[in-house]
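Numbers here simply count residues along the sequence, with the first being 1.
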Amino acid sequence: MSYAKPIWNDVNNCQYKSSKSYGNKDTGEVTIFVGSSSKNSHELLRHITTRRFHDEYKGYENVCVFKFGVFVNGKEKIICEKIFKDNKGKAGELITSIDYLGDM
């Protein structure tokens, strides 16, 4: 299994005999539909993972920021983010993790 991409998705599904994994460079977006068929399916949610570089972000300089968010009924909610030092266009040392869910 290769982890060459900055965003890695390890997918497990009851139909697969092994995991199906894939990577993304800057943005990974998955839309989940529910219903009974292709003609009777409706969007349940979209989840998005992003990687962005910032000169300044929340008081930190020269950082790489990964965010995970969901879209439900047209509303966006950022769930969490990790902020790394920018190491020449790659995520360097982890600076902080931010959880927007609170107590679960």
Side-chain angles (χ1 to χ4, degrees):
M1 188 177 333
S2 174
Y3 291 88
K5 300 289 186 217
I7 300 169
W8 191 255
N9 302 277
D10 190 10
V11 179
N12 290 294
N13 180 314
C14 63
Q15 297 295 102
Y16 302 154
K17 293 184 181 189
S18 63
S19 71
K20 304 293 182 191
S21 305
Y22 63 95
N24 302 101
K25 185 173 179 184
D26 292 315
T27 303
E29 181 174 336
V30 176
T31 304
I32 299 172
F33 294 91
V34 296
S36 61
S37 66
S38 62
K39 293 184 180 187
N40 179 31
S41 64
H42 306 273
E43 183 177 313
L44 177 66
L45 63 84
R46 277 187 300 141
H47 64 80
I48 300 174
T49 306
T50 61
R51 176 184 75 153
R52 302 291 184 264
F53 292 91
H54 301 275
D55 294 332
E56 193 279 324
Y57 186 80
K58 295 190 178 184
Y60 300 105
E61 294 183 0
N62 301 315
V63 293
C64 174
V65 179
F66 289 87
K67 288 185 183 182
F68 178 80
V70 295
F71 289 85
V72 179
N73 296 329
K75 298 177 192 170
E76 178 185 18
K77 174 71 174 171
I78 301 300
I79 303 299
C80 60
E81 58 186 7
K82 292 204 180 283
I83 302 172
F84 294 83
K85 290 182 181 177
D86 180 353
N87 182 18
K88 301 175 185 172
K90 294 183 179 181
E93 180 183 338
L94 177 64
I95 297 171
T96 190
S97 297
I98 303 170
D99 168 8
Y100 295 105
L101 288 178
D103 294 335
M104 286 185 60

Requested in this report: Give the cluster check for L44 versus V72: same hydrophobic cluster or not, with ILVMFWY residues linked at side-chain heavy-atom distances below 4.5 Å.
Outcome: yes
Query raised in the report: Are T50 and F66 close enough that some pair of their side-chain heavy atoms sits under 4.5 Å apart?
Result: no
Report summary line: Per salt bridge (Lys or Arg N to Asp or Glu O under 4.0 Å), D26 is matched among K67, R51, R52, K5 by R51
Query raised in the report: Who else is in F33's hydrophobic cluster (ILVMFWY, side-chain heavy atoms under 4.5 Å, direct or via others)?
Result: none
Query raised in the report: What class does the angle between the rings of H47 and F68 fall in, given that below 30° is parallel, 30 to 60° is tilted and above 60° is perpendicular?
Result: tilted
Report task. Could you walk me through whether H54 and V65 pass side-chain contact (heavy atoms from CB on, under 4.5 Å), step by step? Result -> CA-CA 8 Å; H54 301 275; V65 179; 3.6 Å; yes
Query - ILVMFWY network linking I98 to I79, side-chain heavy atoms under 4.5 angstrom - result: no
Report summary line: Correct closest heavy-atom pair for T27 and I7 would be N-CD1, 4.0 Å
Sequence neighbours excluded and cut-off under 3.5 Å, please list the side-chain donor-acceptor pairs for residues 85-95, or say none.
{"residue": "D86", "atom": "OD1", "partner": "K88", "partner atom": "N", "Å": "3.3"}
{"residue": "D86", "atom": "OD1", "partner": "G89", "partner atom": "N", "Å": "2.8"}

Query raised in the report: At their closest point, which heavy atom of C64 faces which heavy atom of F53, and how far apart are they?
Result: CB-CE2, 3.5 Å
Report summary line: Sorted by chain and number, sequence neighbours left out, side chain to side chain contact (heavy atoms under 4.5 Å, CB included) with Q15 holds for N13
Requested in this report: List the atom of W8, the atom of S21, and the distance in Å for their closest heavy-atom pair.
Outcome: CZ2-CB, 3.5 Å
**Report entry** Atom CG of N40: over 12 foreign heavy atoms under 6.0 Å
**Finding:** yes
Query raised in the report: Are V11 and I48 co-members of a hydrophobic cluster defined by side-chain heavy atoms under 4.5 Å apart?
Result: no
Query - Donor-acceptor pair between D10 and S19 side chains, under 3.5 angstrom - result: yes
Query raised in the report: So does K58 pair up with E81, basic N to acidic O under 4.0 Å?
Result: yes
Report summary line: Y100 and I78 have their tightest heavy-atom pair at CB-O, 3.4 Å
Query raised in the report: Could you give the distance from CZ (R46) to CD1 (I32), rounded to the nearest 0.5 Å?
Result: 11.5 Å
Query raised in the report: Linking I/L/V/M/F/W/Y whenever any side-chain heavy atoms sit under 4.5 Å apart, do V34 and V70 land together?
Result: yes
